[in-house]
Each structure stands twice: as C-alpha cells, then as structure tokens.
Engineer: 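Sharing a structure with you now.
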2 protein chains.
Amino acid sequence: MKRLLLLLVCASACVSGLAARAAAGGVGARVFIVERSSASLAVYDLAERRLLPERITGLGDLHHATMTFAPDLRYGFLATRSGQLTRIDLESLSVAGTVFTSKNSIDNAISQDGRFLAVAEYVPGGLSILDVATLQTIKHFPASFKRGDQEMDARVTGVVDGLGNTFVCVSIEAAEIWVVALGAAGPEIERRIPTLAAMPYDAMITPDGRYYLVGHVGTDSVSVLDLARLDAGVRAVSLRDPAETFVRTTPVKLPHMASWAVARGQVFVPLVGEKRLAVVDSATWTFARSVPLRGHPVYAVRAPSEREVWVSFSGDADDSFVQVVDTETLAVTRTLEIGGRIYHMDFTPRGAHVLVSANRDNKLVVVDANRYEIVDSEELRSPSGIFGVWRAFKTGL
Amino acid sequence: MKRLLLLLVCASACVSGLAARAAAGGVGARVFIVERSSASLAVYDLAERRLLPERITGLGDLHHATMTFAPDLRYGFLATRSGQLTRIDLESLSVAGTVFTSKNSIDNAISQDGRFLAVAEYVPGGLSILDVATLQTIKHFPASFKRGDQEMDARVTGVVDGLGNTFVCVSIEAAEIWVVALGAAGPEIERRIPTLAAMPYDAMITPDGRYYLVGHVGTDSVSVLDLARLDAGVRAVSLRDPAETFVRTTPVKLPHMASWAVARGQVFVPLVGEKRLAVVDSATWTFARSVPLRGHPVYAVRAPSEREVWVSFSGDADDSFVQVVDTETLAVTRTLEIGGRIYHMDFTPRGAHVLVSANRDNKLVVVDANRYEIVDSEELRSPSGIFGVWRAFKTGL
C-alpha cells in the first residue's frame, strides 16, 4: 500500500516535472516580457528561439512594472502600479506567491546577498523590505515631508541594490536620498542625504555601483551622489548644451532614468523633446557634448562591449527606428527599422542579440547585434518591458 | 498495462527529480570547485551556504582545468589536461556526456550564441570546435609550424569567446593569433595574426571583449591585439618598471593570464618572482607604475565594483594571505589571512562575497567582501579552480 501511494504521488509530481522539462531548455535562457494591457508576462526562450506556451496572468497594473531575479534563479519578482508583488517560479513558470505591499508601488530591487527584496511605494509612500524566502514584510519605512506644520505623505521611487548589501532610494516630496543598510540588527535607514533640487522623480545607479543619479522635475540638472563618499553629499550636473542657442519654451522633462546608458566613462542621456543625446563625462561629471539624432530619443541602451549605444524614439514618424551610436566617435553609425512603437530594448548578456518590444505591432523582435539583422519575431499582446534572468547578476537591475 | 508502465517510468524519473530538487536551491547559486588530486568537482550552494552532497567524479587530469557554462544554464563543460571533456548537467549535478578531443587539452570557451564549444589542444596541437547540443566535433583546426623544411606540430592555448560570435586563440610554436568566425559556412579561421615575440604561452581577453593579450616565455613584454582593428596588428607592451634599478638574474616568467585583473582602465599584472603588481594603462597600453606587495603575487582578481583588486601569493610565508589593493589610490589597504596555499579566488557576481580555495588546508573559504570576514569554511579534497555558473554571462570566462 505504501509502495502504491509512493508511485501515485510520484506519478503526479513526475507529470508536472516532465511537462516543465518539455516546455523549454534551461532557466538561463528565459526572458520575461511584460504584456501591459493584459496584465500578463510572456516567456521567450533564447536558446530555442521561440515563445514558450506558458503565459503568466493576473499580475496587476503593469505600467512601469519592473522584474528582478533572485541570484539563485529560483524566483523572479514583479512589482506593479497596483501594489501587487508577484513571485514567479522560474522553472515551472507559474505564480509562487502574491502579496500587496501598498496600493501603488513603482520599483523593486534584490539585495546583493539575495535575502531581501525592497519595494518603493507611492501610496502610502514608503519603502517595504521583504524576506525573499517567505515574502513577509519585515520592515516598512514610511516616507513623509512637512508642508508648514503639517506632516504629509511622500512617495518613494528609484530603489536599487547598492554595494555593501544596501538599498538606495529617493523620497520625492522630501527630496532626500536614503541609504538603507541590511546589518545584523535588520534593515535601517543609515543615511538621509538631501538632493540639490526639489521633486526628484526617478533615479539610477551606475553599473559599477559607484554613483546614484537622481533626476528632478522641471530642471535639466541631475543630482549625483558618490556612494563611496556619502559625506561629500550630492553635486549637480547640468545636461544643458552650452553650444545650443535654441531658447526652449517647452517644459523641461527628462525621461525615466532606466533609459540612461553608461559606457566608456560616459553617460548617454536621452532628452525628452530634443533631437539629441546629452553625453556626460562620468569622471568629471560635466557635460561633454550632444549627439544629434533623427528624432526625440526615449531609451539609450549600452552594448555589453560598451562600443555602441542603441537609441529608440517617440512619435509615429520615428518610433519604429533604432539608431546605433558609436561610443568612441560619438557618431550615429546605423539606423535600423525594427517595428512600431519600440518600448524597450535589451542586449543579451554577452551582446550577441538585442531583444526589442514593438508595442504597436504587438511583437517581440530579436536582432542579431553583429549583423544588424532581424532573426526572429514573435506575436505578443501589447509588449513592454523585457527582463532576462541574467539581471540577477548585475548591480542595479 | 500501458498505464502501469507509465507509472513505473514516472516513478524512476520522479525519484531522481525529487532527489535533485531536495539537494539544493536554484541553479544560479551553484559553484563548482575543482578537486585536483581526486579528479572530482565539489559543488557549493551560495544561497544555502553549504557544500552539496553531490560530488562529480572521474573527470581526468584536472591541472589547469577550466569550466565554462552554456548560457541557458543546462550544462557546464570541463576541459582537462588528459584531453577529456566532460559535460555536466547543472540541475542533476551528474555527468551528461564525456568525449576525448585530444590527448592533452588546456582551455575551453563557449560562443556568444551558446551553440559552439572550442577546446584548445596541446597533443595533437589544434583547436576543436564542438556542437554544444551533441558534443560532436564539427571541425578540427590542426596547428603546425615550420622548422627548416620540416612541418611540426604546434600547441594551441588561450582560447576565449570573442565579440561577433568568434573564438580567439594562440598557436604557441607558430607564434600566431587565430580569429575563428562561426558564420553560415561553419567555423573558419578568418585571420592569422603574428605575435610580436616567440613562444606565446597564454592569453586573455579584456572583460569588454576589446583586447586580446598574449604573454611570451622569457620576456616581460606582452602582445596586445585590438580585436576591433585587426588590420593594425599587435603591439608590444613592456611590464618593466623604469624606476627599478634592480638587475634581474632570475629568468623572466609571467604567470597564467587568467590571473590578470582589469579594473578602472588599468590592467593589474602579478609578476612571478617580484614583490609587486605591474599596473598598465589600458587606454594607452603603457606601463603606469608598480604596486609593492608583501610577497610574490600569483592571482589578481577584480571586485565587480572595480574599486578593489585582491591578490594572492606564492611561498609558504605568504600563501595564506590576500592583499587588497585600492584601484584608485593603488595602495594596499588590507592584508587578510585566509588559509594555506591559496590557489584561486572569485567574487560573487555583485561582489558581496569572495570564494577562496586554500589547497594546503583542503578548504573552500567564503569571505564577506564588505566586512572582510570569513563567513563559511568547508572541507574539500585538494581544492583548486572555482567556477560559478554566472560565468555563462561574461565575455572571456
């Protein structure tokens, strides 16, 4: 009887095991694509170059959804605008837990040691720290600011994993950067450092983990914090081109900072409403020059070799195109037509291919990055963000 | 009857499946450690911080054995000095195929697209290109050189994956670098480029995939090839310190080039028989300065942040120690005592920990890279090379 039971248990475990195995190759080749309008994730297998039959659904409001991956590659985590955080089993491609940390969250990050997850929240504003293993919130840091005598809620955004097993984020209305340490006593806000201007709206960390860059609403200056020298505080970097005589009447608006590329000691910043990239020297943090483009840039993504930055555009006339900028000569070397309304681009980790979501065309397009040729194209529903599991091994992703 | 058969088949598949699952967490946390004298690999789980019970045995002569990983993380590949190439299933931690490509091989590499494996061989000398899926050799490039009128066998070493889905390697006696293209027509030696001196003995590629550096027996010069400008050929870089007045009588010997660290635009070279690192500027490829050390350096390993290089030593008086060099000030900031005869060090991908093999002490030691403290220590048999699966996502590893 015992033996029969074992067989039956095994039969059921085995069938699901075989199904998962039959579905695709190894976990390292899996790329998750946000399908924004259907609250789902599609899964692409890079090794087999095909869309997998599994689709993960019921994930909440996926505008600006970000997905991070635990370094042991068992789980991915998707944070959403509806406050829902979903844990996804990377082997079975199914939901392995759902929690709501707030009513509206914007970003998440996993600590260097893989034990803690941080979620940046708008409503109520704050930062939640979760245990990756249990999905329990072990600490919540509320954000607030003072208007006159009144204490009001502030929003938190731009959370990233920092060196030394920290998280770094920014409180928008309080205009301060938080450095959160994950020591033996549990998570603590170790430092609160004021930004240089009001209303920081987004932030990023350089790929080496050294600098935290904060954008501000209504200005073309960025606050830069050297995370190795917190006591020095932030400095301002202007993205204005001194050679430009154009008097701007449109409001200044910077794009989300996940769209900035750091390559060969330079930061490439797509400027909303201008047909140029601003190039900033990351040793001196001064404006270096502009790179003229065919349209208004949205995303700048560096090749792993750092020899190229690929740029996408807004506007019907330009949003099917990608321009390739040589990071040495700072010239546009190629213009590729890929698909309608490009929302996101990502290089494979050693740079062989670029994955592109063409939202209007409902397609994921795979481009050979050496031959600049489309090698695959898959039908998706309103594709947006693209997240490969190798992000687990990169600081700030 | 059919149903019973299915149950039985499933029972056996299921048991092994459950065993594999019970053994450890996700594949992303697995680190393989060469146990040199017992021809085996031990497996450490970084997430659970423990040695796994599985041990992979019968792997051949593991002197200078290198392990590479397919980008879908299904398999790892171990090349050995006895010509044996073993494919290892990263999920079940068992041997999934053994082939002999030669009588004596030295290095292997996986192409950017994950489809081809290259093995560099001494006897008979050449380069074998294998299909990763079938383990079949699809092309063998023999190496030879001329002595007078006689055609003689040459050895091949230093094979790495290059940008544009290529392999790069060097033929020792022929003193030439090969660039192997993996185009539609199959693997072909696209270019043969002479090195500047005789007897190249080892080579490496910079982490951005741009430069291929070749060391030569008996000189302190290195051949540098810019892979983006093959027509320019190689140039020589001297590691001699012009400020040193010491007249050397010992033969010049450079260590294996996997031990060179590239960080913050500088190459840190451990010099055999000298108590210093040579620092070379990687923009101009000129000698910059020396960093004095406590002993004769063996390995220099960069932190992912590029803010530190960790150095190990040879000789009983020094080989338990690691010195930490600040890559900005170029000063030694710390000296850590870790364990007897340190053979290999590797940072976890976001830099939280350093894995160290202490060969004389038969230990794998895990060091917290932020606190400089030992956090775990495991008994192993004659541990040597350390290989984490994240190498799948790095050029040249």
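A note on names: the letters A, B, ... follow the listed sequences, proteins ahead of strands, and every chain is numbered from 1.
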Engineer: Are more than 12 heavy atoms from other residues, nucleotides or ligands located less than 6.0 Å from atom CZ of A:Arg371?
Structural biologist: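 Open.
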
Engineer: With a 4.5 angstrom heavy-atom cut-off, could you sort out which part of B:Asp368 is near chain A: side chain, backbone, both or neither?
Structural biologist: neither

Engineer: For the interface with chain A, which of B:Leu46, B:Leu90, B:Asp113, B:Ile110 has the highest count of heavy-atom pairs at distances below 4.5 Å?
Structural biologist: B:Ile110

Engineer: Under a 4.5 Å heavy-atom cutoff, which of A:Ser305, A:Gly114, A:Gly265 has the most pairs with chain B?
Structural biologist: A:Ser305

Engineer: Of all of B:Pro304, B:Pro71, B:Ala47, B:Gly209, which one pairs up most often with chain A through heavy atoms under 4.5 Å apart?
Structural biologist: B:Pro71

Engineer: May I ask you to name which of B:Arg115, B:Glu306, B:Arg307 has the most heavy-atom pairs under 4.5 Å with chain A?
Structural biologist: B:Arg307

Engineer: Can you tell me which portion of A:Asn370 sits under 4.5 Å from chain B's heavy atoms? Options are side chain, backbone, both or neither.
Structural biologist: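 Just the side chain, heavy atoms under 4.5 Å.
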
Engineer: Would you give the length of the straight line joining atom CZ of A:Arg30 to atom CG of B:Asp72, rounded to the nearest 0.5 angstrom?
Structural biologist: 9.5 Å

Engineer: Considering residues at least two apart in sequence or located in another chain, which fulfil the side chain to side chain donor-acceptor pair (under 3.5 Å) criterion with B:Asp226?
Structural biologist: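 Result, side chain to side chain donor-acceptor pair (under 3.5 Å) vs B:Asp226: B:Arg210, B:Arg229.
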
Engineer: Identify which part of B:Ser111 has an atom lying under 4.5 Å from any heavy atom of chain A, answering side chain, backbone, both or neither.
Structural biologist: backbone

Engineer: Only one of A:Asp161, A:Leu163, A:Asn165 clears side-chain contact (heavy atoms from CB on, under 4.5 Å) with B:Arg350; which?
Structural biologist: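 That would be A:Asp161.
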
Engineer: Go through the atoms of B:Ala228 and report whether side chain, backbone, both or neither lie under 4.5 Å from a heavy atom of chain A.
Structural biologist: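 Contact with chain A: backbone and side chain both.
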
Engineer: Under a 4.5 Å heavy-atom cut-off, does chain A meet the side chain of B:Asp208, its backbone, both or neither?
Structural biologist: both

Engineer: Can you pull out the residues in residues 389-397 of chain A with any heavy atom less than 4.5 Å from chain B?
Structural biologist: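 Hits under 4.5 Å: A:Trp390, A:Ala392, A:Phe393, A:Lys394, A:Thr395.
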
